[in-house]
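Okay, structure first, notes after.
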Amino acid sequence: CFRKRQYKKAIQYYTKAIDLQRDGKEFYANRAACRIKLGEWQQAIKDCSTVLEIFEWIENSRLTDKNRAIVFKAYFRRATAYHALRMLDEAADDVDRALEIKLNKRNEEVLKLKAKIDKSREAQKE
């Protein structure tokens, strides 16, 4: 559904998957991506925060390769939503955390967001 840009339908499927597997980080992360596409910023932040809580509390912060990608996406997507809501300090913090994970194939994307956040922060100071 996501690839077909059927974001609302994809959200329904991810929600059903979450109902079956409450600690399914990838379902929350993917639902957040759909919510970002729909401009549902607060809900995207909540889903990304849930991913990070599961990672921290249930998995004791073990950064396996699979976790690395999911946690990276959670920070990046939450930063995107924070930026959209003009919550620039929070967005900057999450961008920095995403960059610390060093998922090289996606770092360029994060650096572009970081530049946007920095530009928004400068404009806010003026």
Side-chain angles (χ1 to χ4, degrees):
C1 293
F2 186 85
R3 289 185 184 164
K4 293 180 181 179
R5 298 181 184 203
Q6 297 173 341
Y7 304 121
K8 289 185 180 190
K9 192 172 185 178
I11 287 171
Q12 291 173 345
Y13 285 123
Y14 289 127
T15 300
K16 287 179 184 177
I18 289 166
D19 288 343
L20 296 172
Q21 186 181 347
R22 285 298 213 205
D23 62 347
K25 297 180 301 303
E26 60 279 353
F27 303 135
Y28 289 100
N30 291 340
R31 187 170 72 177
C34 295
R35 289 183 162 160
I36 286 170
K37 293 291 188 182
L38 295 172
E40 297 175 356
W41 311 117
Q42 292 290 351
Q43 295 94 329
I45 289 168
K46 184 178 178 194
D47 279 345
C48 291
S49 296
T50 300
V51 170
L52 299 169
E53 288 170 14
I54 291 169
F55 172 69
E56 184 177 335
W57 296 105
I58 294 177
E59 301 200 6
N60 299 316
S61 301
R62 288 188 310 268
L63 203 56
T64 64
D65 287 340
K66 183 178 179 183
N67 282 343
R68 182 180 307 277
I70 294 168
V71 171
F72 177 91
K73 289 176 187 178
Y75 280 127
F76 176 66
R77 290 174 182 163
R78 191 169 72 174
T80 301
Y82 279 142
H83 181 251
L85 292 172
R86 313 292 295 158
M87 298 172 71
L88 303 178
D89 291 338
E90 293 86 347
D93 288 345
D94 278 357
V95 162
D96 290 342
R97 288 184 181 123
L99 289 170
E100 286 173 11
I101 295 171
K102 297 178 182 163
L103 199 62
N104 294 331
K105 64 183 177 182
R106 300 282 308 269
N107 280 354
E108 186 176 323
E109 218 176 334
V110 178
L111 290 171
K112 286 180 185 177
L113 178 58
K114 183 174 178 56
K116 287 181 188 177
I117 293 165
D118 291 343
K119 188 175 179 178
S120 296
R121 288 172 118 179
E122 285 301 315
Q124 204 173 48
K125 289 179 184 178
E126 296 173 356

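In what follows, residues are counted from 1 in the order of the sequence shown.
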**Message:** Before you tell me yes or no, could you show the steps for T50 and I18 under side-chain contact (heavy atoms from CB on, under 4.5 Å), namely the whole-Å CA-CA distance, both residues' side-chain angles and the distance that decides it to 0.1 Å?
**Reply:** CA-CA 11 Å; T50 300; I18 289 166; over 6 Å; no

**Request:** Would you please test K16 and D19 for salt bridge (charged side-chain N to carboxylate O under 4.0 Å, His left out) and show each step?
**Result:** CA-CA 5 Å; K16 287 179 184 177; D19 288 343; over 6 Å; no

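The nearest pair of heavy atoms linking A81 to A44 is CB-CB, 4.3 Å. The two residues A79 and D94 make their nearest non-hydrogen contact at CB-CB, 3.7 Å. Considering all non-hydrogen atoms of both residues, Y75 and A98 come closest at CB-CB, 3.9 Å. Minimum heavy-atom separation, R22 to I54: O-CD1, 3.7 Å. A pairwise comparison of heavy atoms in I70 and A29 identifies CG2-CB, 4.4 Å as the closest pair.
How far CG of D93 is from CG of L88: 11.0 Å, rounded to the nearest 0.5 Å. Here the CD atom belonging to E26 is positioned 6.0 Å from the CD atom belonging to Q21, to the nearest 0.5 angstrom. For the atom pair C48 SG and R31 CZ, the distance stands at 10.5 Å (nearest 0.5 Å). Interatomic distance, CZ of F76 versus NZ of K114, reported as 13.0 Å (0.5 Å rounding). Expressed to the nearest 0.5 Å, how far NZ of K73 lies from CD1 of I101 amounts to 12.0 Å.
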Which pairs of donor and acceptor atoms, one on a side chain in residues 115-123, lie under 3.5 Å apart (sequence neighbours left out)?
unit_1, atom_1, unit_2, atom_2, d
S120, OG, H83, NE2, 3.2
S120, OG, R86, NH1, 3.3
S120, OG, K116, O, 3.0
R121, NH2, D89, OD1, 2.6

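Applying the salt bridge (charged side-chain N to carboxylate O under 4.0 Å, His left out) criterion to E40, with sequence neighbours excluded, gives R35. Checked against salt bridge (charged side-chain N to carboxylate O under 4.0 Å, His left out), E100 has no partners two or more places apart in sequence or in another chain. Residues passing the salt bridge (charged side-chain N to carboxylate O under 4.0 Å, His left out) test with R77, sequence neighbours excluded: none.
For the ring pair (Phe, Tyr, Trp, His ring centres under 6.0 Å) condition, the pairs that include at least one residue of residues 3-40, sequence neighbours left out, are F2-Y7.
Looking only at side-chain heavy atoms (C-beta outward), L111 and L99 come within less than 4.5 Å of each other. Contact annotation: the side chain of V110 approaches that of F72 to within less than 4.5 Å [non-hydrogen atoms, C-beta and beyond]. Within the 4.5 Å cutoff, no side-chain heavy atoms of R78 are placed close to those of V51.
In the hydrophobic clustering (ILVMFWY side chains linked at under 4.5 Å, chained through shared members), I45 is joined by I36, W41, Y82, L85, M87.
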